[in-house]
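When a residue number appears, it is its place in the shown sequence, counting from 1. Bear in mind the structure is a predicted one, so any value in this text is a computation, not a measurement.
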Amino acid sequence: MRIEDMSIDELLELNQYICQRIDELQEQETLQALSRLRVGLKVTFEGREGPVLGIVTKINRKSVIVLGEEGRKQYKISPELLRPLRDVK
């Protein structure tokens with residue numbers, strides 16, 4: 001069936017399915033990103049003024065609290081935006 005031939009009710013139902021699928025995929029991405037994080041892990045993310053380094057202090061269901069490297073500022077970040085740093089030896 002072509003979209004041009006669908007009624008408003010059919011389009012609304014299709015929209016509901018599409019939105020539901022998008023939500024499921026976003027939730028999977030969040031869970032996958034959260035599984036790579038742990039409290040105390042050094043991470044980096046792109047802030048307004050450029051790259052920010054910090055340490056994970058708390059992990060919530062949908063966000064992560066990161067203490068900036070300078071220790072003055074806390075950031076509430078979506079887990080998908082964080083990149084763990086590898087220890088350099």
Side-chain angles (χ1 to χ4, degrees):
M1 180 180 274
R2 295 172 7 141
I3 265 190
E4 292 82 9
D5 299 331
M6 297 176 87
S7 70
I8 290 177
D9 288 337
E10 291 171 326
L11 288 170
L12 288 171
E13 184 176 350
L14 179 60
N15 180 58
Q16 182 179 358
Y17 286 123
I18 291 171
C19 291
Q20 187 176 27
R21 181 64 179 144
I22 289 171
D23 289 343
E24 289 171 2
L25 291 173
Q26 287 175 333
E27 187 173 333
Q28 285 177 2
E29 283 181 12
T30 300
L31 289 174
Q32 188 176 28
L34 284 171
S35 71
R36 294 189 304 260
L37 301 174
R38 66 184 189 289
V39 172
L41 181 69
K42 291 182 182 181
V43 294
T44 184
F45 63 93
E46 199 61 38
R48 290 186 179 134
E49 294 85 30
V52 176
L53 299 173
I55 298 174
V56 173
T57 59
K58 185 175 181 182
I59 299 174
N60 298 312
R61 250 178 12 127
K62 295 183 179 182
S63 64
V64 177
I65 306 299
V66 176
L67 181 62
E69 191 175 47
E70 68 279 350
R72 295 184 199 136
K73 191 166 185 183
Q74 279 191 345
Y75 302 90
K76 187 175 184 179
I77 306 292
S78 177
E80 298 89 20
L81 301 177
L82 295 173
R83 293 185 311 271
L85 291 178
R86 297 179 187 190
D87 290 332
V88 178
K89 293 184 179 183

Does CG belonging to L12 count more than 12 external heavy atoms closer than 6.0 Å?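 Counting neighbours around CG of L12, more than 12 heavy atoms of other residues, nucleotides or ligands fall under 6.0 Å, so yes.
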Return yes when atom CG of L25 has more than 12 non-hydrogen atoms of other residues, nucleotides or ligands closer than 6.0 Å, and no otherwise.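 Yes, because the 6.0 Å sphere around CG of L25 holds more than 12 heavy atoms from other groups.
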Minimal non-hydrogen separation, R38 against V56, with atom names: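 Closest approach of R38 to V56, heavy atoms only: O-CB, 3.5 Å.
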[X] and [Y]: same hydrophobic cluster, using ILVMFWY side-chain contacts below 4.5 Å?
{"X": "I59", "Y": "Y75", "answer": "yes"}
{"X": "L41", "Y": "L81", "answer": "yes"}
{"X": "I3", "Y": "I18", "answer": "yes"}

Keeping S7 on the side-chain end and E10 on the backbone end, is there a donor-acceptor pair under 3.5 Å?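 Present.
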Enter the distance from [X]:[atom1] to [Y]:[atom2] here, rounded to the nearest 0.5 Å.
{"X": "L31", "Y": "E27", "atom1": "CG", "atom2": "CD", "result": "5.5 Å"}
{"X": "D5", "Y": "L11", "atom1": "CG", "atom2": "CG", "result": "10.0 Å"}
{"X": "Q16", "Y": "C19", "atom1": "CD", "atom2": "SG", "result": "8.5 Å"}
{"X": "L14", "Y": "M6", "atom1": "CG", "atom2": "CE", "result": "5.0 Å"}
{"X": "L67", "Y": "Q74", "atom1": "CG", "atom2": "CD", "result": "6.0 Å"}

Measure the shortest side-chain to side-chain distance between [X] and [Y] over non-hydrogen atoms and say whether it is less than 4.5 angstrom.
{"X": "Q26", "Y": "D23", "answer": "yes"}
{"X": "V66", "Y": "T57", "answer": "no"}
{"X": "P51", "Y": "E46", "answer": "yes"}
{"X": "E24", "Y": "Q20", "answer": "yes"}

Looking just at side-chain N and O atoms, do T30 and E80 make a donor-acceptor pair shorter than 3.5 Å?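 Short answer, yes.
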Test side-chain contact (heavy atoms from CB on, under 4.5 Å) on N60 and K58; report intermediate values, then the result. CA-CA 7 Å; N60 298 312; K58 185 175 181 182; 3.3 Å; yes
My understanding is that only one of V52, L34, L37 makes a side chain to side chain contact (heavy atoms under 4.5 Å, CB included) with L82; could you say which?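 Of V52, L34, L37, side chain to side chain contact (heavy atoms under 4.5 Å, CB included) with L82 is met by L37 alone.
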